[in-house]
Asks: 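This is the structure I want to talk about, given as structure tokens.
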Number of protein chains: 2
Amino acid sequence: MNKSSQCEASEMLKRAGISPSYQRIMVLSALLETDEHPSADTIYKKLGSNIPAISRATVYNTLNLLVDRGVIQSMRTAGSETRFDSICEAHSHFFCRKCKKIYDIAKQIGEIKTELDGHLVESQEFVYKGLCRECREEMKK
Amino acid sequence: MNKSSQCEASEMLKRAGISPSYQRIMVLSALLETDEHPSADTIYKKLGSNIPAISRATVYNTLNLLVDRGVIQSMRTAGSETRFDSICEAHSHFFCRKCKKIYDIAKQIGEIKTELDGHLVESQEFVYKGLCRECREEMKK
DNA sequence: TCAAAGAATAGATTTAATCTAAATATAGAT
DNA sequence: ATCTATATTTAGATTAAATCTATTCTTTGA
Ligand SMILES: [Mn+2]
Ligand SMILES: [Mn+2]
Ligand SMILES: [Zn+2]
Ligand SMILES: [Zn+2]
């Protein structure tokens with residue numbers, strides 16, 4: 001929907017050596033426009049109203065390709081669906097056990113490990129779980 | 001298989017107010033005997049060789065019940081299956097992207113948050129991902 | 001001894017994700 | 001411009017983890 005995010009998406013694709021097809025631009029652009037860490041199906045439904053519509057397989061293919069190329073990241077921690085994040089720079093997440101929303105948390109300062117017990121560390125993240133602000137308010141009522 | 005882990009499992013179930021049926025003892029006991037963070041199906045297969053065998057549904061039911069009661073913990077970060085951990089005390093994990101093994105990492109000292117941006121923090125963990133010791137060795141060959 | 005509640009079970013169902021095989025689109029060569 | 005090879009998209013079939021359903025078995029305690 002948003003012209004500037006489509007432009008940004010196109011640039012990101014080119015930079016990653018992925019040809020910027022209409023469908024790929026639409027998928028990445030949809031992800032860039034939100035901070036809600038949507039699932040593949042959420043993105044598919046969001047794009048479904050567009051003409052021409054995009055196949056579900058293409059949404060999955062594109063997201064997986066982008067993850068493989070390190071353009072976006074995915075997480076399987078909350079709920080049953082894999083969720084996606086257009087921001088790859090290190091930051092933390094808070095997962096709400098009730099509404100399944102995922103919130104960004106500013107990166108905590110801490111030692112960055114490259115090795116741990118002989119294992120090669122490629123990424124590290126602080127994961128917080130609990131009840132989010134909104135759900136806490138709901139509970140009070 | 002192991003008598004002492006069955007005894008421990010039985011005690012844990014009683015302490016959590018869950019009646020210690022044969023099946024529940026077998027499931028929890030199997031989880032106590034390993035540090036490999038097995039999936040429900042791994043536990044099911046391990047128990048399958050026992051007589052009498054246990055239903056897959058019972059394995060899932062028991063594990064979910066134990067997670068709900070806070071006796072064990074589950075994680076959905078590596079591979080496609082949910083993995084289980086009999087250790088609930090705070091510790092970190094390393095996930096190998098290649099072999100999907102999960103390794104325990106001693107808890108890093110760090111500030112324990114109870115609130116973050118207004119969200120109620122119930123648990124927090126450092127998550128490490130990369131290539132494990134064994135897989136690194138494999139690669140060298 | 002019997003009724004009611006608690007557990008376990010096999011198999012059906014759901015659902016996220018992947019796979020398949022065919023159709024379209026794109027790019028490079030002639 | 002036309003042809004050809006490659007890349008991309010697609011709808012629908014398939015897979016696999018997890019849950020659900022409806023029945024059977026077990027335990028408890030009146
Ligand atoms: Mn994020
Ligand atoms: Mn562990
Ligand atoms: Zn919430
Ligand atoms: Zn490994």
Side-chain angles (χ1 to χ4, degrees), chain A residues 9-10 13-14 16-31 37-48 50-69 71-84 97 100 102, chain B residues 9-10 12-14 16-31 37-69 71-84 97 100 102:
Chain A
S10 182
L13 288 164
K14 280 179 213 158
I18 300 168
S19 68
S21 70
Y22 168 79
Q23 288 87 342
R24 285 167 176 166
I25 290 170
M26 293 312 275
V27 170
L28 179 52
S29 164
L31 186 60
H37 307 83
S39 68
D41 206 58
T42 301
I43 292 175
Y44 171 70
K45 289 200 176 94
K46 189 177 171 187
L47 296 177
N50 287 17
I51 306 297
I54 289 173
S55 157
R56 183 177 262 106
T58 301
V59 175
Y60 276 98
N61 288 343
T62 301
L63 290 169
N64 288 341
L65 179 63
L66 290 170
V67 170
D68 289 349
R69 299 296 179 85
V71 179
I72 65 175
Q73 63 171 316
S74 67
M75 51 196 80
R76 303 186 38 84
T77 319
S80 54
E81 294 166 303
T82 298
R83 307 275 289 264
F84 297 87
R97 64 168 157 80
K100 308 300 178 195
I102 300 176
Chain B
S10 182
M12 287 172 76
L13 288 163
K14 282 180 211 158
I18 300 168
S19 67
S21 69
Y22 169 79
Q23 288 85 344
R24 284 169 177 166
I25 290 170
M26 294 311 277
V27 170
L28 180 52
S29 165
L31 186 61
H37 307 83
S39 68
D41 206 57
T42 301
I43 292 176
Y44 172 71
K45 287 197 178 98
K46 189 175 169 188
L47 296 177
S49 52
N50 286 17
I51 306 297
I54 289 173
S55 157
R56 196 185 302 273
T58 301
V59 174
Y60 277 98
N61 287 343
T62 301
L63 291 169
N64 288 340
L65 179 63
L66 289 170
V67 170
D68 288 348
R69 299 298 180 83
V71 179
I72 64 174
Q73 63 171 315
S74 67
M75 52 196 79
R76 302 188 38 85
T77 317
S80 54
E81 296 166 302
T82 297
R83 307 275 289 265
F84 297 88
R97 66 168 155 79
K100 308 301 179 194
I102 301 177

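Being a predicted model, the structure only gives us computed values, none of them experimental. Chain naming here is simple, since letters A, B, ... match the order of the sequence lines and numbering starts at 1 in each.
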Asks: Among residues 58-69 of chain B, which contact DNA chain D at a heavy-atom distance under 4.0 Å?
Replies: B:Tyr60, B:Asn64

Asks: Which comes earlier along DNA chain C counting from the 5' end, the contact point of B:Ile18 or that of B:Arg56, where each point is its nearest nucleotide?
Replies: B:Ile18

Asks: How many angstroms lie between atom OG of B:Ser55 and atom CG of B:Leu47, to the nearest 0.5 angstrom?
Replies: 11.5 Å

Asks: Need two values: the first and the last nucleotide of DNA chain D, 5' to 3', having an atom under 4.0 Å from any heavy-atom of chain A.
Replies: D:dT8 to D:dA11

Asks: Residues two or more places apart in sequence or in another chain: which of them pass side chain to side chain donor-acceptor pair (under 3.5 Å) with A:Asp41?
Replies: A:Lys45, A:Arg56

Asks: To the nearest 0.5 angstrom, please state how far the CD1 atom of A:Ile25 sits from the CG atom of A:Leu13.
Replies: 6.5 Å

Asks: Any side-chain heavy atom of B:Leu66 sitting closer than 4.5 Å to one from B:Ile18?
Replies: yes

Asks: Is a side-chain donor or acceptor of B:Arg24 paired with a backbone partner of B:Ser19 at a separation under 3.5 angstrom?
Replies: yes

Asks: Across the strands shown, which category fits A:Ser39 at heavy-atom distances under 4.0 angstrom: base, sugar-phosphate, nothing?
Replies: nothing

Asks: What residues, two or more places apart in sequence or in another chain, satisfy side chain to side chain donor-acceptor pair (under 3.5 Å) together with B:Ser39?
Replies: B:Thr42, B:Glu81

Asks: Under 4.0 Å from a heavy atom of chain A: give me the 5'-most and 3'-most nucleotides of DNA chain C that qualify.
Replies: C:dA16 to C:dC19

Asks: For the residue pair B:Ala9 and B:Ser29, what are the closest heavy atoms and their distance?
Replies: CB-N, 3.8 Å

Asks: A:Thr62 vs A:Leu28, test: side chain to side chain contact (heavy atoms under 4.5 Å, CB included). Steps then yes/no.
Replies: CA-CA 8 Å; A:Thr62 301; A:Leu28 179 52; 5.7 Å; no

Asks: Among all residues two or more places apart in sequence or in another chain, which pass the side chain to side chain donor-acceptor pair (under 3.5 Å) test with B:Arg76?
Replies: B:Thr82

Asks: Could you check B:Ser19 against B:Tyr44 and say which one's nearest nucleotide on DNA chain C is further toward the 5' end?
Replies: B:Ser19

Asks: What heavy-atom pair brings A:Ile102 and A:His37 nearest, and what distance separates the two atoms?
Replies: O-ND1, 3.2 Å

